[in-house]
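Here's the structure, in structure tokens; my notes come after.
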Amino acid sequence: MIQRPVFFANWKMNHGPTEARAYMAAFLRIFSPHEDRTVAMFPPALSLATVRDARAGRTDIQLGIQNIYSRDRGAFTGENSAPMARDAGAELVLVGHSERRHVFDETNLEVAQKVAIAPQFGLTPVLCVGETLQEREMDAAEHIVMEQLEIGISALRKETIPQIVVAYEPVWAIGTGRSATPEDASSMHRVIREKLRALAPGSDGVPILYGGSVSTKNAKSLLEADGVDGVLVGSACLDPEGWAEICRT
Ligand code: 13P
């Protein structure tokens with residue numbers, strides 16, 4: 001169950017097993033269990049088992065993988081499948097993160113296949129959507145985000161849609177120190193919520209997270225923004241003290 005507010009830490013390609021062990025020891029020491037929110041860590045796949053073992057007994061902390069392949073097994077060198085991620089302890093999976101789309105050229109159709117396979121193996125997909133700066137300046141932000149959302153969930157069975165999580169991460173805000181304003185976030189979250197309602201009545205429980213330069217300084221105002229159910233954090237989650245502070249917001 002995902003209880004709002006939601007705090008997701010995307011470590012990206014940081015913290016291998018040795019660093020992950022030290023990070024988790026420090027984080028668990030300073031962050032006491034909070035039953036009124038959901039906290040999850042998304043370490044690199046090679047550190048999943050380390051984080052899983054480190055948080056043993058801390059059922060308040062969930063675990064996710066940053067990416068999966070769209071097939072469940074086979075000759076796909078270098079890829080990780082949904083059942084393998086589940087077996088390694090993941091409960092959640094990021095799908096369609098902006099870096100997957102823009103560095104690794106993932107298309108909306110590939111994203112849709114990954115979103116669809118995740119729940120078949122017990123993983124909750126976190127569908128990431130967001131426009132580039134150029135798309136925003138061309139006034140195409142809503143159109144792009146709606147397309148990513150609509151195609152992203154198109155291969156899911158309708159009754160499964162209420163079980164996903166959506167993260168709005170404008171590309172221009174990721175890793176730039178320039179977060180969206182709470183008003184901008186609210187306005188896109190409203191459009192996403194309306195679209196989800198239209199596509200899948202009964203999906204009001206789907207948390208919609210904001211991501212992009214969330215920090216200890218702006219987390220509170222972003223979390224207070226209308227329609228923002230949680231945050232997906234990159235740089236500011238890389239040190240355990242900063243991350244614990246954000247998770248206490
Ligand atoms: P930053 O918090 O570093 O901007 O990254 C956001 C992000 O991509 C989380 O998935």
Side-chain angles (χ1 to χ4, degrees), residues 2 5-15 19-20 23 27 38-45 47-48 51 61-68 85 90-106 111 114-115 118 123-133 135-136 141 144-145 148-149 152 164-182 184-185 188-189 192 207-223 225 228-249:
I2 295 183
V6 178
F7 299 84
F8 283 176
N10 177 8
W11 289 4
K12 307 193 179 182
M13 201 174 71
N14 298 286
H15 298 332
E19 285 176 21
Y23 178 109
F27 178 68
T38 301
V39 173
M41 323 296 294
F42 294 78
S47 300
L48 257 184
V51 176
I61 295 176
Q62 298 192 16
L63 188 57
I65 190 165
Q66 296 172 12
N67 179 41
I68 49 167
E91 294 143 311
L92 301 141
V93 55
L94 299 182
V95 183
H97 188 277
S98 115
E99 287 138 26
R100 299 299 318 171
R101 293 178 188 270
H102 297 288
V103 183
F104 300 99
D105 293 329
E106 263 183 34
V111 169
K114 295 180 178 194
V115 167
L123 292 176
T124 299
V126 181
L127 171 60
C128 304
V129 296
E131 80 287 358
T132 62
L133 184 59
E135 288 159 349
R136 173 156 283 251
I144 292 293
V145 169
Q148 291 173 340
L149 180 63
I164 71 167
V165 175
V166 174
Y168 170 55
E169 297 203 303
V171 181
W172 47 267
I174 296 180
T176 58
R178 179 187 163 202
S179 124
T181 61
D184 282 342
M188 189 62 88
H189 281 223
I192 293 172
I208 305 176
L209 318 184
Y210 168 79
S213 295
V214 175
S215 68
T216 50
K217 294 196 171 56
N218 62 19
K220 185 167 185 292
S221 60
L222 286 162
L223 282 161
V228 175
D229 300 315
V231 286
L232 175 53
V233 181
S235 332
C237 76
L238 290 180
D239 79 280
E241 289 77 21
W243 178 232
E245 188 179 334
I246 291 176
C247 291
R248 284 189 214 102
T249 308

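The first residue in the sequence is number 1, and the count goes up from there. Note that the structure is predicted; figures quoted are calculated from it, not measured. We count ligands from 1, going down the list as the structure has it; atoms in each ligand are counted the same way.
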**Request:** Around atom 7 (C) of ligand 1, find the nearest protein heavy atom and jot down its residue, atom name and distance.
**Result:** Glu169 OE2, 3.1 Å
**Complete:** Nearest non-hydrogen protein atom to atom 3 (O) of ligand 1, with distance, is Ser235 OG, 2.4 Å
**Asked** Is ligand 1 less than 4.0 angstrom away from at least one heavy atom of Gly175?
**Response** yes
**Request:** Check the side chains of His97 and Glu169 for a donor-acceptor pair under 3.5 angstrom, ignoring hydrogens and angles.
**Result:** yes
**Asked** Can a non-hydrogen atom of Ser213 be found less than 4.0 Å from any atom of ligand 1?
**Response** yes
**Request:** Decide yes or no on side chain to side chain contact (heavy atoms under 4.5 Å, CB included) for Val214 and Leu222, but give the supporting numbers first.
**Result:** CA-CA 8 Å; Val214 175; Leu222 286 162; 4.1 Å; yes
**Fill in**
Within 4.0 Å of some non-hydrogen atom of Asn10, the atoms of ligand 1 are 9 (C), 10 (O)
**Message:** I'd like to know whether the aromatic ring centres of Tyr23 and Trp11 sit less than 6.0 Å apart in this structure.
**Reply:** yes
**Prompt:** Nearest protein heavy-atom contact for atom 5 (O) of ligand 1: which residue, which atom, what distance?
**Reply:** Lys12 NZ, 3.1 Å
**Item:** Ala180 backbone acceptor or donor facing Tyr210 side chain under 3.5 Å
**Value:** yes
**From Asp184 atom CG to His189 atom NE2, the distance as rounded to the nearest 0.5 Å** = 10.5 Å
**Distance filter under 4.0 Å to Ala173 heavy atoms, resulting ligand 1 atoms** = 4 (O)
**Message:** Taking 4.0 Å as the limit for heavy-atom contacts, which would you say applies to Leu232 with ligand 1: side chain only, backbone only, both, or neither?
**Reply:** both
**Item:** Protein residue, atom and distance nearest to atom 2 (O) of ligand 1, heavy-atom basis
**Value:** Gly234 N, 2.9 Å
**Message:** Could you go through Asp239 and Glu245, starting from their C-alpha distance and side-chain angles, then the distance that decides it, and tell me whether this counts as side chain to side chain contact (heavy atoms under 4.5 Å, CB included)?
**Reply:** CA-CA 10 Å; Asp239 79 280; Glu245 188 179 334; over 6 Å; no
**Prompt:** Name the one of Asn10, Leu48, Val93, Val126 that satisfies side-chain contact (heavy atoms from CB on, under 4.5 Å) with Gln66?
**Reply:** Asn10
